[in-house]
Amino acid sequence: MGGINPAGRTSGHQAFRRTVLDALSADQQRQTIGGLAALMRLALPSPQGWHDSTGQSIKAPADTLREYVLNHTLIRRNEDPRFSEPGLPANRHVSMQLAEPLRFQLRRRQLPEQLPSSWQIQDIDLRTVEVCVPAGEMNALLPDAQTPKVRAAAQLPTGFDPASLYRSVHHPRGLAMSVFGASDCLGASGLSWEHLRQQLNPDHIAVYAGNSIGQLDEQGWGGLLKSLVSGQRATSKQMPLGYGQMPADFLNAYVLGSVGGTGAALGACASFLYNLRLGIDDIRAGRRRVVMVGTADAPITPEIIEGFRAMGALADDASLKALDALELLTDADYQRACRPFARNCGFTMAEASQFVLLMDDALALEVGADILGAVPEVFVNADGYKRSISAPGIGNYITLGKSASLIRNMLGDNALKSRSFLHAHGTSTPKNRITESHVFDEIARANGIDAWPVVAVKAFIGHSQGSAAGDQLVSALGSFAHQLLPGIPTLDAVADDVYADRLQFSSVAQPFNADAAFINAKGFGGNNATGVVLSPAVTERLLTKRHGAAAIRAWKTRRESVRENAAAYLEHADQGHYAPRYQFGEAVLEGPELNIQADRIHIPGYDQAVSLESDNPFGRLDDEELTS
């Protein structure tokens, strides 16, 4: 796994450790804070010790920088300058009555292409003209600065800029996060991608990655769509780089060099699980052996935030003040903006990039992969008829019910009842706290569960849209590794309308030795999905049952060197050393370079050819049948 979210880096469980910080040992806390300080460019290593960006020596950065790190990770006051005073750049349409003619000078190239018929133009010189607008009515756009109505956001840790780590040129933020996230995943795997891909038919690799709403910042469709009305020129990059499947395209073209399967499934907040399902289905069907799955969403822009605010979905400043009867919101109030299953008023917009590397079990054992867990299935169901397209419906009962049934069939009744937990979608909207808790409580009742633990990490890292379930999945893997469930720190009390009879909530991290987790997503439009995740210990037992003890012993031997490679990567990463894999213009191939035969295509740079043989379940007609 690899990636980045407001809690930090995914690899090495850094982001997870930030969400359970107070429950960790003193050494683990220092490691986490120190690694985040390096990520945020607050502390840089040198042979003489740690220093800041100006070269000043820093002693014990984990101690001296702790408060700053804590206040500039997770949910906080939006640090984008546009969300500070004087306010969000905007224009206001006005209709003016000119009492007398208005005269002004312009550069000739700034004149409108279609001049208003009433304007009078006089040349000043070759480059400058004078415009005279007669008295009367005139329409205009006046520059404005609107006071932000939503100031809470879950941004990446302050000071971390993925685009600065490689040769990015006008890349939308989501794509820069994709490059970092996928590279972090490869580095943390401890495997050499070049070596791994040479062992495979190139067609046995796939990438399923995207996001929920494309790239809507200035470098993507956001800048493109407002270019004409804002007087800016569209660039050649904005159109292609705005597509929602572009994270997969970037990984194929610049990170992995893959020629295998590709695509992206978009399903609002369930997008990560939709893509995970594609990877699982491919591997189970034998079509692929290695699949990189992920999402990258960067939706913290004025326009997107205003769109969700207009829907009544966000925790805006006015609602937060009303919720706590406050006259003024402080930094501490913004940090408590997201309150799953408590009295709440809306979700907090976030950004994140999460990637996981899936393998079939035989290959994982063969290459000595360090197995973090297993995902046997993702269930997806729609809501059916709805009153409102954005309102929750009935599909989530089906997805979670199927997931619980699968765990009972795989691990038994006791594992489901006593050693599983729920990773809630937990958006922090009043509607979600009622509907999702009812789903949980009803499925618990149907399965005889009395106290099902519920985790809701959006309390820490907000709602990253299509990447939300990725945030939940990597957090669940952290829980398996550390045997801790993150609490819900903003949960002062469970709201009265939450169905909590059979659910277990905690405001602080709790020890828990889990066999399985349920990753739940309730997306706008009726995009419900629940993913089943098994712990590494349970996965190993299942692998032993399938492949035998001898194969597992051999795998563990091969795993030693892989773990050493991963540990070396994580040590460098914790010191702020990153080298994202970005191979622009390298090893580019054209058709004439291929060796094409009837049953295979050999691609230069790949040891194995792409097989053109295909299964035919449709039967065959011979010549006589075709011509008769």
Side-chain angles (χ1 to χ4, degrees), residues 269-270 273 312-313 315 319 323 338-347 379 381-388 390-408 413 416-459 463 468-469 472 475-476 485-508 510 512 514 516-524 526-532:
C269 315
L273 288 179
S319 298
L323 192 63
C338 186
R339 307 175 188 183
F341 304 107
R343 288 181 58 251
N344 51 36
C345 60
F347 73 77
F379 297 100
N381 285 90
D383 283 336
Y385 292 116
K386 302 162 72 77
R387 291 186 182 88
S388 167
S390 62
I394 63 172
N396 197 199
Y397 295 89
I398 303 172
T399 65
L400 184 58
K402 289 179 179 178
S403 299
S405 178
L406 177 62
I407 287 299
R408 179 188 293 105
D413 199 52
L416 173 62
K417 291 181 178 180
S418 305
R419 297 191 301 277
S420 72
F421 66 97
L422 296 160
H423 241 287
H425 191 53
T427 58
S428 183
T429 64
K431 179 67 82 172
N432 172 264
R433 77 187 184 214
I434 298 171
T435 58
E436 189 172 23
S437 66
H438 189 260
V439 172
F440 290 170
D441 200 61
E442 282 296 294
I443 299 302
R445 179 196 58 75
N447 287 278
I449 301 172
D450 298 323
W452 218 351
V454 178
V455 172
V457 292
K458 287 184 179 66
H463 189 354
Q472 294 165 244
S475 178
L485 299 185
I488 306 175
T490 55
L491 185 73
D492 296 329
V494 177
D496 294 340
D497 50 10
V498 168
Y499 293 85
D501 290 347
R502 300 168 185 85
L503 306 180
Q504 187 178 83
F505 298 96
S506 174
S507 61
V508 296
Q510 295 290 326
F512 194 76
F518 299 95
I519 310 301
N520 203 52
K522 292 169 68 66
F524 284 159
N527 291 281
N528 304 284
T530 307
V532 180

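This structure is a prediction, so every number in the text was calculated from the model and none was measured. Numbers for residues simply follow the sequence, beginning at 1.
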Thr530 and Lys402: side-chain contact (heavy atoms from CB on, under 4.5 Å), yes or no, with the steps? CA-CA 9 Å; Thr530 307; Lys402 289 179 179 178; over 6 Å; no
Less than 4.5 Å apart, any side-chain heavy atom of Val508 and any of Gln510? yes
With a 3.5 Å distance limit and no angle check, can you tell me whether Ser403 reaches the backbone of Thr399 through a side-chain donor-acceptor pair? yes
Do you know which two heavy atoms are closest between Phe518 and Ala404, and how far apart they sit? CE2-N, 3.7 Å
Residues in side-chain contact (heavy atoms from CB on, under 4.5 Å) with Asp383, at least two apart? Lys386, Asn528
Distance check, rounded to the nearest 0.5 Å: Thr490 atom OG1 versus Arg339 atom CZ? 7.0 Å
Which value, rounded to the nearest 0.5 Å, describes the distance between Asn447 atom CG and Ile407 atom CD1? 11.0 Å
Exercise: identify the closest heavy-atom pair between Ala469 and Leu273: CB-CG, 3.6 Å
Using modelled atom types and a 3.5 Å cut-off, is there a donor and acceptor pairing between side-chain atoms of Lys417 and backbone atoms of Asp450? no
Where Ile434 and Tyr499 come nearest, the two heavy atoms and their spacing: O-CD1, 3.7 Å
Nearest non-hydrogen partners of Leu485 and Pro453, listed with the distance: CD1-CB, 3.7 Å
Looking at Ala516, is its backbone amide N or carbonyl O close enough to the side chain of Ser420 to form a donor-acceptor pair, meaning the two atoms are under 3.5 Å apart? no
Return the orientation label for the Phe347 and His463 ring planes: parallel under 30°, perpendicular over 60°, tilted otherwise. perpendicular
Parallel, tilted or perpendicular: which fits the ring planes of Phe505 and Phe341, with parallel below 30° and perpendicular above 60°? tilted
Could you tell me which non-hydrogen atom of His423 sits nearest to which non-hydrogen atom of Ala476, and how far apart they are? NE2-N, 3.6 Å
Partners of Ser418 by side-chain contact (heavy atoms from CB on, under 4.5 Å), sequence neighbours excluded? Asn414
Side chain of Glu436, backbone of His425: donor and acceptor closer than 3.5 Å? yes
Quick one, Glu442 and His438 - any side-chain contact, counting heavy atoms below 4.5 Å? yes
Pairwise salt bridge (Lys or Arg N to Asp or Glu O under 4.0 Å) hits with a residue in residues 486-506, at least two apart: Arg336-Asp492, Arg433-Asp497, Asp441-Arg502
Of all heavy-atom pairs linking Lys522 and Gly393, the shortest is NZ-O, 4.4 Å
Distance from Asn432 atom CG to Asn344 atom CG, nearest 0.5 Å? 8.0 Å
If I take atom NZ from residue Lys458 and atom SG from residue Cys269, how far apart are they, to the nearest 0.5 angstrom? 7.0 Å
Can you tell me how far apart CG (Asn520) and CG (Leu400) are? Round to the nearest 0.5 Å. 6.0 Å
Is Ser507 reaching over with its side chain to a backbone N or O of Ile488, donor-acceptor style, under 3.5 angstrom? no
Using a 6.0 Å cut-off, check whether atom CZ of Arg419 has over 12 heavy atoms from anything other than its own residue. yes
Hey, are the side chains of Ile398 and Phe379 touching, using non-hydrogen atoms and a 4.5 Å cut-off? no
